Amino acid sequence: MLPWLNLGLPRTTSPAQTNHALNLSSYLARLVASGQATSRSELARVTGLARSTVSEHLLPLLRIGLIAEHEAEAGARGRPPSVLTLNPQAGVILAADIGAAKGRLAIADFGQHFIVERSIQTDVARGPDTVLAEVRTAFLQMLAERQIDARNVRLIVVGLPAPVDFASGMPVRPPIMPGWDNYPVPASFQQEFSAPVLVDNDVNLMALGEARCRPATQCPLLYVKASTGIGCGIVTHDGQLHRGADGAAGDIGHVRVPGHEEPCRCGAYGCIEAFASYGAILRKVGGDVGGDPGEAQLSALVRTAAGEIGEVIAMLVHFFNPAVIVLGGRMTQFGDEMLAGVRSVVYRRALPLATRKLSVELSTLGNRAGIIGAVVLGVEHVLSPQGLRSMMPTTE
Ligand SMILES: [Zn+2]
């Protein structure tokens, strides 16, 4: 039912470089979580650390219950070895993927298993106070239904259809979201929850989700979402999200295309999303034909728009040389037209060296990519040094 998700492999900073105690604990936790080492002796072998050092840095993880140790099945002879596993019951993550009109909420455990998931209506134009209050209420209901104590929530991850300053968790001048500019999203959860809150751009989360459901060799990866707007999430060669200096990396919807003068909601003219997004296509058929477009007409328009989006993607291919381009968003409901339109332009335009191994594919996760990416980001954060610090008791 729910797709199996591979945890991202730990960042492979060598143990010699990770001299901080929490960095070492985080390294061990990720090795266990990703199944690369499931006993103390394997951890010592994989890391090259002394067994005593492994035990020392494993201790805090066992203490907070993040890692569990239990005896394996007894072998033919001798003492059975102890097996280390990530303890999925160590807490839960609340994830919200808030779109312009619709959203998804989920509760997941640390093993990336979805405990409950539901869709909600989210009209972001109604402002952050209203929308986030509804999200909090829905989370409390979901927790109550599953009889999960709110104190077990270890992290909250929120995706927004806006550029986001990831460090502060604040949206930055979103063009279609009145009242959201610099709104302190994390603080709005403080009344009900004591857990830290991560806020990210929705397309970033989709890119991360898509990247983690594929082999690591499919990075660098670009996820291009074509819906009401057009955006791109960037996953680097080593599997990390690239957000840019201000969180605006991949905001390709406002790339200006020569020969176009259509007004864009951002205030400029000739932006790609002003004439090639799904929103623009719907405006076109609504305006030109008087609504109720036929499937064939929509398909033809999507095919043309896909070619125009392909021109921008071809530029990205030159610049970034991705291994995979994943297409997502509402325009992919016309999967064949979308794929054919983008592919034909990208393979014709981009240089052979950049397209030799490039594959252009439709999203495998569909409209769940964002919520899955939110859970992935959450679990990886829990296992990070920063995440571990927030789970440690403050007084020792
Ligand atoms: Zn624009």
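Each ligand, and each atom within it, is numbered from 1 in the order the structure gives. Below, all heavy atoms of this structure are taken into account, side chains as well, without hydrogens, waters or symmetry copies. Please read all numbers here as calculations on a predicted model, not as lab measurements.
Across all non-hydrogen atoms, the minimal contact from M331 to I309 is CE-CD1, 3.8 Å.
Around CZ of R349, the count of heavy atoms belonging to other residues, nucleotides or ligands within 6.0 Å does not exceed 12.
Within the protein, the N, O or S atoms lying under 2.8 Å from the Zn ion (ligand 1) are H254 ND1, C264 SG, C266 SG, C271 SG.
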For this session: Would you please test R303 and E308 for salt bridge (Lys or Arg N to Asp or Glu O under 4.0 Å) and show each step?
Result: CA-CA 9 Å; R303 176 79 187 239; E308 290 163 330; over 6 Å; no
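If you run salt bridge (Lys or Arg N to Asp or Glu O under 4.0 Å) between E273 and each of R256, K225, R265, only R265 comes through.
Using a 30° and 60° split on the angle between ring planes, H260 and F275 fall in the parallel class, below 30°.
The salt bridge (Lys or Arg N to Asp or Glu O under 4.0 Å) pairs that include a residue from residues 160-173 number zero, where partners must be two or more places apart or lie in different chains.
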